[in-house]
Protein chains: 2
Amino acid sequence: MSQPGRRRGPSKGDRREQAILATARELLARKPLAEITIDELAAGAEISRSSFYFYFDSKLAVVVALLHGLTGELMAGSGPWLDGTGPDEDALRRSLTGLAELWRSHGRLLAGALAAAPGCPPIAAWRAGLRDAHVSRLAARIERDRAAGLAPGGPEPAVLAGMIDDLRTATFAGPGEISDRLVGDLVTVELRMLYGDRPEPGDLPKQRSDG
Amino acid sequence: MSQPGRRRGPSKGDRREQAILATARELLARKPLAEITIDELAAGAEISRSSFYFYFDSKLAVVVALLHGLTGELMAGSGPWLDGTGPDEDALRRSLTGLAELWRSHGRLLAGALAAAPGCPPIAAWRAGLRDAHVSRLAARIERDRAAGLAPGGPEPAVLAGMIDDLRTATFAGPGEISDRLVGDLVTVELRMLYGDRPEPGDLPKQRSDG
DNA sequence: CGACTTTCTCGACATACTGTCGAGAAGCCA
DNA sequence: TGGCTTCTCGACAGTATGTCGAGAAAGTCG
């Protein structure tokens, strides 16, 4: 569509295209997206810089291609949690563990994409689509749980779901290791956001009557 | 320090410097940081592009200056909440309302700074300092509340505090209005993160002590 | 094979923005 | 007037992006 020139067919050019993508993945393992230039991408694929433009419109177009390759993986593993009901801690943990794994391997790509999104409509659209998909399924789950009396009321389901998605992204995109411990903490916190309601004031253990 | 050339003294040059900062504020009200060039900044202050460099080392140096002017405001208003104890909803709401106001007026600056931080040590340092200040105070508060039996256990206080800070930032930096409703939702969610535990712990024997 | 089309390549070029340098103007004070 | 600091800007160099058109390579069909 947006790539002019290329036609269908497995050919030499296809290998070049793959080489560019492979080079991008390779470089992203070593340094942030912003520090990668088209020269490097072209050099890695053993073509000239101008030839690069035959395959991709820009550096960001390469990112979009890599991102689309990740979409499936980003969705995977969360089904049991998103389609379930109630505070199913194990399902949530499994979902988050898979997501954490993905961030561990592709953190630079995802972080770079997130940073570039505001100025790059295709990336913004990809991100929005992914977020919406997650938010709408999670919001539906919240509604179900609330209707069943399993979860307390609160923010609009879609808003709460959005906050959870944002928290995940911020946590995984942050600096520092993505430890199993951190994933466990995220499980705890998300469950509180969804199910935890403050006990009634009278139920609070009153150590002090200060208020 | 990092600005060579300028010396102390209120002078014509100082007015230029202010004009550059004013122009930056003005432009940021209209478009994102990434779309602002040094040419525009210089033109707004009625000097040539080269003259700009007499006052600031780069566009990001201007951002840093604007940011430092905001530091106080970013801290202000959260004292009662951070230094208090227990689920003081009103104090939290007041703190968040102030923060929301700031994001409403300076959203582009803050969002731009956040996006530029990974590649700009001074901005990263500013952000880290601000975050640490908030996190350490909030973590201390969490410890106090836990010790007093007012809050349930969970993640390390500093981790939980970090998540709360991240959630705020993500929520305010996101697209869309920062409505009072949204602020209210954030109050609800933060309180749950801190104080909300699932009401009936024994009701859900999902977790085995299997190890 | 040879003519023809599609796929692919690259050098040359145009553009945008950043940052440096040094000559010198402008402002200030004695 | 001279002498100092502050300030200004044109000219230059560097780095990156993206375009264009000539033409080489590869595939196809007579």
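Convention: sequence-line order gives letters A, B, ...; per-chain numbering from 1. As the structure is a prediction and not an experimental result, all values here were calculated from the model. All heavy atoms count here, side chains included; hydrogens, waters and symmetry mates do not.
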Open item on the list: What I want to find out is whether A:Asp180 reaches A:Arg104 closely enough, with some N-O distance under 4.0 Å, to be called a salt bridge.
Closed with: yes
- [ ] Among the candidates D:dG18, D:dT8, C:dC10, find the nucleotide nearest to the side-chain atoms of A:Tyr53.
- [x] D:dG18
TODO: Mind calculating the distance between CZ (A:Phe54) and C1' (D:dA22) to the nearest angstrom?
DONE: 15 Å
Open item on the list: From CD1 of A:Ile38 over to P of C:dT9, roughly how many Å is that when rounded to an integer?
Closed with: 16 Å
TODO: Whole angstrom is fine here: how far is it from CZ in B:Phe56 over to C1' in D:dC7?
DONE: 15 Å
Open item on the list: Using the rule given for side chain to side chain contact (heavy atoms under 4.5 Å, CB included), can you reason through B:Leu99 versus B:Phe172, listing the C-alpha separation, both sets of side-chain angles and the distance that settles it, and then say yes or no?
Closed with: CA-CA 9 Å; B:Leu99 193 61; B:Phe172 288 144; 3.7 Å; yes
Task: Salt bridge A:Arg192-B:Glu190, side-chain N to carboxylate O under 4.0 Å - done: no
- [ ] Check whether any side-chain nitrogen or oxygen of B:Tyr55 sits under 4.0 Å from OP1 or OP2 of D:dT8, and answer yes or no.
- [x] yes
Open item on the list: Within the 4.0 Å heavy-atom criterion, would you say A:Thr37 contacts the bases, only the backbone, or no part of the nucleic acid?
Closed with: sugar-phosphate
Open item on the list: If you apply the rule side chain to side chain contact (heavy atoms under 4.5 Å, CB included), what do you find for B:Arg141 with B:Trp81, and how did you get there?
Closed with: CA-CA 9 Å; B:Arg141 190 191 201 284; B:Trp81 162 247; 3.2 Å; yes
Open item on the list: Nearest to the side chain of A:Ser50, heavy atoms from C-beta on, is which of C:dC8, C:dC10, C:dG19?
Closed with: C:dC10
- [ ] Mind calculating the distance between CG (A:Leu41) and C1' (D:dT17) to the nearest angstrom?
- [x] 13 Å
Open item on the list: Expressed as a whole number of angstroms, how long is the span from B:Ile47:CD1 to D:dT6:C1'?
Closed with: 13 Å
Open item on the list: Please classify the nucleic acid contact of B:Arg16 as base, sugar-phosphate, or nothing, using heavy-atom distances under 4.0 Å.
Closed with: sugar-phosphate
TODO: Grab the CD1-P distance between A:Ile36 and D:dA16 for me, whole Å please.
DONE: 13 Å
Open item on the list: At less than 4.0 Å, is any side-chain N or O atom of A:Ser48 found next to OP1 or OP2 of C:dC10? Yes or no.
Closed with: yes
Open item on the list: Measuring from the side chain of A:Arg49 (C-beta onward, heavy atoms only), which nucleotide among C:dG19, D:dC9, D:dT17 has the closest atom?
Closed with: D:dT17
Open item on the list: Could you check whether A:Arg144 pairs with A:Asp83 (Lys NZ or Arg NE/NH1/NH2 to Asp/Glu carboxylate O, under 4.0 Å)?
Closed with: no
Open item on the list: Rounding to an integer number of Å, can you tell me how far B:Phe52 CZ sits from C:dG19 C1'?
Closed with: 11 Å
